[in-house]
Visitor: 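Here you go, one structure.
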Protein chains: 2
Amino acid sequence: MIISKTTSYAIRILQAMARNEKEATTATILFRQLKIKERYLKRLMTTLAKQGFIKGKRGRSGGFILARPANQIFLSGVIEAVEGLESFNACILGVTDCRLSPVCAMHDVWGEIRKTMLNTSSSTTIQDLAKSPGNIQTEMSNK
Amino acid sequence: MIISKTTSYAIRILQAMARNEKEATTATILFRQLKIKERYLKRLMTTLAKQGFIKGKRGRSGGFILARPANQIFLSGVIEAVEGLESFNACILGVTDCRLSPVCAMHDVWGEIRKTMLNTSSSTTIQDLAKSPGNIQTEMSNK
DNA sequence: CATAAATAATACCTTCAGGTATTAATATTT
DNA sequence: AAATATTAATACCTGAAGGTATTATTTATG
Ligand code: FES
Ligand code: FES
């Protein structure tokens with residue numbers, strides 16, 4: 001995958017929460033919707049809370065709610081918080097920052113791809129995803 | 001990284017070999033040129049031999065030579081042999097084959113990116129890379 | 001207050017890509 | 001034939017991402 005499995009989970013979680021913004025939800029409810037391993041999902045929720053994307057409230061009738069409006073959460077922000085943006089700067093042949101040393105035949109086309117990914121992820125918000133139809137419940141592989 | 005470190009190594013090895021096609025080379029010489037951990041490089045050479053990209057000859061004055069002309073080795077082939085092409089079919093949100101279920105706001109732009117990567121890698125040969133200037137000797141990170 | 005239902009924190013386990021070590025097989029040179 | 005230089009095969013080690021288990025903390029409600 002281009003982004004890590006965990007980042008993908010994070011985005012899917014936020015997307016689901018954005019679908020009924022304002023309404024708090026629980027990890028268990030999200031688990032039922034998203035089919036992400038429950039324990040791992042819970043741990044990831046904590047991470048997202050620490051990173052300031054959501055707010056957790058403990059205790060009976062507790063749950064999670066978006067900390068910011070969904071249209072202010074950009075994909076690039078989520079990716080950066082969970083795994084960093086390094087992938088987007090790496091050359092397809094492994095040059096750490098190929099802008100400084102364009103040494104492969106993929107460089108031009110690759111530069112375009114990279115630019116597109118960066119532009120898209122920093123202009124697409126969680127709300128955009130939430131508005132798009134369909135629910136992602138598929139099991140995923142790591143490839 | 002988009003492709004795995006190992007795949008990237010493989011492409012770099014083949015590129016180096018293509019620069020003096022017809023001339024056999026040894027793992028040690030390639031190690032000096034590419035700065036890939038020697039033992040790992042040797043093991044990878046064996047893999048590439050098994051996959052039919054290069055031919056190894058044992059014994060004193062042995063070495064490796066390309067099994068096919070460099071202009072007949074496509075990047076897509078190398079990627080497929082070393083790590084598979086799954087990444088190119090995966091949705092950015094982890095849907096295994098998003099052509100069947102386009103469920104995210106990235107779908108359109110992501111489809112374009114994927115198409116470009118696939119087209120480019122299956123029309124670019126090792127010879128194309130070999131002709132491009134510069135040598136890749138950078139240490140790489142995995143991100 | 002006691003209980004239940006939720007998040008929070010922490011430590012541990014598992015898997016796999018990447019990397020290392022060792023030994024075997026093969027071919028050339030002397 | 002012995003020594004040497006190479007690839008081939010195999011098994012093992014390591015670190016990080018993904019996943020699991022356990023316990024602590026907080027809050028609402030009977
Ligand atoms: S040097 Fe390879 S993509 Fe830039
Ligand atoms: S469904 Fe996400 S890119 Fe196709």
Side-chain angles (χ1 to χ4, degrees), chain A residues 1-10 12-13 17 23-32 34-67 79 81-84 86-87 94 139-143, chain B residues 1-10 12-13 17 23-32 34-67 79 81-84 86-87 94 139-143:
Chain A
M1 276 175 31
I2 300 317
I3 61 177
S4 77
K5 205 167 172 176
T6 304
T7 303
S8 178
Y9 285 162
R12 286 161 61 171
I13 289 168
M17 293 182 68
E23 290 278 319
T25 185
T26 70
T28 307
I29 292 174
L30 285 172
F31 158 68
R32 290 205 202 94
L34 300 175
K35 303 273 192 325
I36 297 170
K37 303 272 179 187
E38 190 165 13
R39 286 207 148 103
Y40 194 58
L41 181 144
K42 281 179 180 164
R43 227 187 48 161
L44 182 50
M45 300 301 285
T46 307
T47 308
L48 289 175
K50 269 195 196 143
Q51 298 279 358
F53 292 105
I54 61 183
K55 274 187 295 210
K57 187 187 164 207
R58 301 202 218 190
R60 194 164 177 159
S61 82
F64 291 100
I65 196 165
L66 289 182
I79 297 171
V82 179
E83 65 167 69
E86 293 89 347
S87 344
E139 277 300 318
M140 54 177 110
S141 87
N142 295 47
K143 290 291 176 160
Chain B
M1 277 177 28
I2 301 317
I3 59 176
S4 78
K5 206 166 170 177
T6 304
T7 304
S8 178
Y9 285 162
R12 286 161 63 171
I13 289 168
M17 292 182 70
E23 290 279 317
T25 184
T26 71
T28 307
I29 291 174
L30 285 171
F31 159 67
R32 292 206 199 93
L34 300 174
K35 303 274 193 324
I36 297 169
K37 303 273 180 187
E38 190 166 11
R39 287 205 147 105
Y40 194 58
L41 181 145
K42 281 178 178 165
R43 226 187 48 162
L44 183 50
M45 300 300 287
T46 306
T47 308
L48 291 175
K50 268 195 198 145
Q51 298 278 0
F53 294 105
I54 60 182
K55 275 186 294 207
K57 188 188 163 205
R58 300 202 217 190
R60 193 165 180 158
S61 81
F64 290 99
I65 196 165
L66 290 181
I79 296 171
V82 179
E83 65 168 66
E86 292 89 347
S87 343
E139 277 300 318
M140 55 177 109
S141 90
N142 295 48
K143 291 291 177 159

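Order of the sequence lines fixes the chain letters, A, B, ..., with proteins taken first and strands second; residue numbering starts at 1 for each chain. All values reported here derive from a predicted model rather than from experimental measurement.
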Visitor: Roughly how far, to the nearest 0.5 Å, is CZ of A/Arg12 from CG of A/Leu30?
Guide: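 Between A/Leu30 CG and A/Arg12 CZ, I get 11.5 Å after rounding to 0.5 Å.
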Visitor: How many whole angstroms separate atom CD1 of A/Ile36 from atom C1' of D/dT20?
Guide: 16 Å
Visitor: Which pairs would a plain distance check flag for residues 56-66 of chain A, meaning a side-chain donor or acceptor within less than 3.5 Å of a matching protein atom at least two apart in sequence or in another chain?
Guide:
none

Visitor: Using atom CZ of B/Arg39 as one end and atom C1' of D/dT14 as the other, report the distance to the nearest whole Å.
Guide: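 It is 16 Å, rounded to the nearest whole Å.
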Visitor: List in chain and number order the residues that pass side chain to side chain contact (heavy atoms under 4.5 Å, CB included) with B/Ala67, two or more places apart in sequence or in another chain; answer none if no residue qualifies.
Guide: B/Lys55
Visitor: Rounded to whole angstroms, how far apart are CZ on A/Phe31 and P on D/dT20?
Guide: 10 Å
Visitor: Can you list the residues that meet the side chain to side chain contact (heavy atoms under 4.5 Å, CB included) rule with B/Ala81, with sequence neighbours excluded?
Guide: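 Per chain and number, B/Ala81 pairs via side chain to side chain contact (heavy atoms under 4.5 Å, CB included) with B/Gln51, B/Phe53.
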Visitor: Tell me the interatomic distance from A/Lys5, atom NZ, to C/dA17, atom C1', rounded to whole angstroms.
Guide: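 Spelled out: NZ on A/Lys5 to C1' on C/dA17 is 15 Å.
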Visitor: How does protein reach along nucleotides 4-11 of chain D, written 5' to 3' as B (base within reach of a heavy atom under 4.0 Å), S (only sugar-phosphate), or - (no contact)?
Guide: BBBBSSBB
Visitor: Between B/Leu44 (CG) and C/dA17 (C1'), how many Å, whole number?
Guide: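 From B/Leu44 CG to C/dA17 C1': 13 Å.
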Visitor: Rounded to the nearest angstrom, tell me the gap between atom CG in A/Leu48 and atom P in C/dT7.
Guide: 13 Å
Visitor: To the nearest angstrom, how far is A/Lys37 atom NZ from D/dA21 atom P?
Guide: 11 Å
Visitor: Calculate the interatomic distance between B/Tyr9 atom OH and C/dA17 atom P; express it in whole Å.
Guide: 15 Å
Visitor: Side chains of residues 38-48 of chain B: which donor-acceptor partners sit under 3.5 Å, not counting sequence neighbours?
Guide:
| unit_1 | atom_1 | unit_2 | atom_2 | d |
| --- | --- | --- | --- | --- |
| B/Tyr40 | OH | B/Thr6 | OG1 | 2.8 |
| B/Thr46 | OG1 | B/Lys42 | O | 3.3 |
| B/Thr47 | OG1 | B/Arg43 | O | 3.2 |

